[in-house]
Amino acid sequence: MIRAAAGVAIAALLAACTAIQPPEPDRASLYVLEATSAAGAPRPRRELVLEVSAPRARAGFDTPLMAYVERPNALEYFARNRWADTPARMLAPLLAQSLERSGGFRAVVQAPGGAIAALRLDTELVRLQQDFGVRPSRVRLTLRAQLIEVAAGRVLASEEFDESEAAPSDDPYGGVIAANRALERLLGRLGDFCADAAGGVR
């Protein structure tokens, strides 16, 4: 009986210790940018190699933290939701893959690459944020691009692309879906921009 009572007491003590243990901290949800440009009209193929340099990002967006705004000029970040990497780094392969699929160039490579490129695409992420100042919330994605003729050191064209998309739900995941939809349209526009500007190569 003494042993049985001791066993019950130990079991009760262990249960009490388990009950008072602090809860595990909430894990952050991670999201990725995934998009391909929508199929458009066939572009003329140019026998040129295009190098896509690593995108840069403006202050406030060079971070895996997911940005949102509720009022103008006040950038905030979600506490438990974040990108799997900085948006600029996630953009790099997506830009190269989309331009390669466009068929407008002999080859598309990411910098640093071993191929000698005739053209270089420089990009800067200007903003990627979810705006809760409107309902439904909207994601705004802005990318600045320059196409450069490498040998001449000449800027062939420069343009700022701005896309906005309503979020299907007013939460971070809704913002991710909207961001990828906006990115899909932006990639299509960027492909047209590069194809048109490449016609200016001498």
Side-chain angles (χ1 to χ4, degrees), residues 28 30-67 75 77 81-129 139-163 176 179-202:
L30 299 178
Y31 302 104
V32 296
L33 288 173
E34 285 186 321
T36 56
S37 60
R43 300 183 179 102
R45 178 184 170 93
R46 303 187 186 281
E47 292 302 314
L48 300 169
V49 175
L50 171 63
E51 181 182 74
V52 179
S53 61
R56 294 174 289 114
R58 289 208 181 160
F61 301 101
D62 191 18
T63 171
L65 299 178
M66 296 175 67
L75 199 63
Y77 303 98
N81 298 269
R82 56 193 299 156
W83 296 112
D85 201 346
T86 65
R89 280 199 289 264
M90 288 192 290
L91 275 174
L94 299 177
L95 295 175
Q97 290 165 15
S98 177
L99 289 166
E100 185 175 28
R101 290 193 189 106
S102 74
F105 300 93
R106 178 159 61 87
V108 178
V109 297
Q110 281 185 250
I116 298 175
L119 302 173
R120 187 181 76 244
L121 177 66
D122 293 340
T123 55
E124 180 186 29
L125 180 66
V126 177
R127 70 177 61 81
L128 175 56
Q129 64 192 37
V139 166
R140 189 174 176 193
L141 169 62
T142 308
L143 187 77
R144 182 168 178 77
Q146 276 191 338
L147 191 67
I148 298 169
E149 185 179 2
V150 176
R154 182 168 64 104
V155 176
L156 296 173
S158 179
E159 190 169 337
E160 187 167 284
F161 301 91
D162 189 68
E163 290 288 345
V176 172
N180 282 318
R181 289 174 180 170
L183 178 57
E184 184 173 300
R185 294 195 302 272
L186 189 148
L187 290 175
R189 293 174 61 193
L190 184 66
D192 291 337
F193 162 80
C194 289
D196 292 343
V201 176
R202 295 167 185 168

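Numbering starts at 1 and runs along the sequence shown.
In this structure, the separation between CG on Leu91 and CD on Glu124 is 12.0 Å, given to the nearest 0.5 Å. The distance from atom CZ of Arg45 to atom OG of Ser102, rounded to the nearest 0.5 Å, is 10.0 Å. The CD atom of Glu184 sits 12.5 Å away from atom CG of Leu33, with the distance rounded to the nearest 0.5 Å. For the atom pair CG (Leu186) and CG (Leu94), the distance works out to 11.0 Å, reported to the nearest 0.5 Å. In this structure, the separation between CZ on Phe193 and CG on Leu99 is 10.5 Å, given to the nearest 0.5 Å. Taking CZ of Arg189 as the start and CD of Glu163 as the end, the distance is 5.0 Å to the nearest 0.5 Å.
Side-chain atoms of Arg82 and Thr63 form no donor-acceptor pair, as typed in the model, at a separation below 3.5 Å.
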Practice problem: Could you please spell out the steps behind the side chain to side chain contact (heavy atoms under 4.5 Å, CB included) verdict for Leu143 and Leu183? | Solution: CA-CA 10 Å; Leu143 187 77; Leu183 178 57; over 6 Å; no

Self-check item: Intermediate values then yes/no, side chain to side chain contact (heavy atoms under 4.5 Å, CB included), Leu121 and Cys194
Solution: CA-CA 8 Å; Leu121 177 66; Cys194 289; 4.0 Å; yes

Quiz prompt | CA sep, side-chain torsions, deciding dist, call: Leu141, Leu125, side chain to side chain contact (heavy atoms under 4.5 Å, CB included) | solution = CA-CA 8 Å; Leu141 169 62; Leu125 180 66; 3.7 Å; yes

Quiz prompt | Steps toward side chain to side chain contact (heavy atoms under 4.5 Å, CB included) verdict (Val176, Asn81) | solution = CA-CA 10 Å; Val176 172; Asn81 298 269; over 6 Å; no

Quiz item: Can you check salt bridge (Lys or Arg N to Asp or Glu O under 4.0 Å) on Arg127 and Asp162, steps first, answer last?
Solution: CA-CA 9 Å; Arg127 70 177 61 81; Asp162 189 68; 3.8 Å; yes

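Pairing each heavy atom of Ala84 with each of Val32, the nearest pair is CB-CG1, 3.8 Å. Across every non-hydrogen atom of Leu128 and Ala67, the tightest pair is O-CB, 3.9 Å. In terms of heavy atoms, Pro55 sits closest to Leu95 at CG-CD1, 3.9 Å.
In terms of modelled atom types and a separation under 3.5 Å, the side chain of Tyr77 and the main chain of Gly60 share a donor-acceptor contact. Panel note: side chain Asn180, backbone Glu34; a donor-acceptor pair is recorded below 3.5 Å. For the pair Thr123 (side chain) and Arg144 (backbone), a donor-acceptor distance under 3.5 Å is absent.
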Can you give each donor-acceptor pair under 3.5 Å made by side-chain atoms of residues 105-120, sequence neighbours left out, with the distance rounded to 0.1 Å?
unit_1: Arg120; atom_1: NE; unit_2: Asp122; atom_2: OD1; d: 2.9
unit_1: Arg120; atom_1: NE; unit_2: Asp122; atom_2: OD2; d: 3.3
unit_1: Arg120; atom_1: NH2; unit_2: Asp122; atom_2: OD2; d: 3.1

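Residue Phe61 is tested with Thr86, Leu75, Val126, Thr142 for a side-chain contact (heavy atoms from CB on, under 4.5 Å); the sole match is Leu75.
Here Arg154 pairs with Glu149 in a salt bridge; the nearest charged N to carboxylate O distance falls below 4.0 Å.
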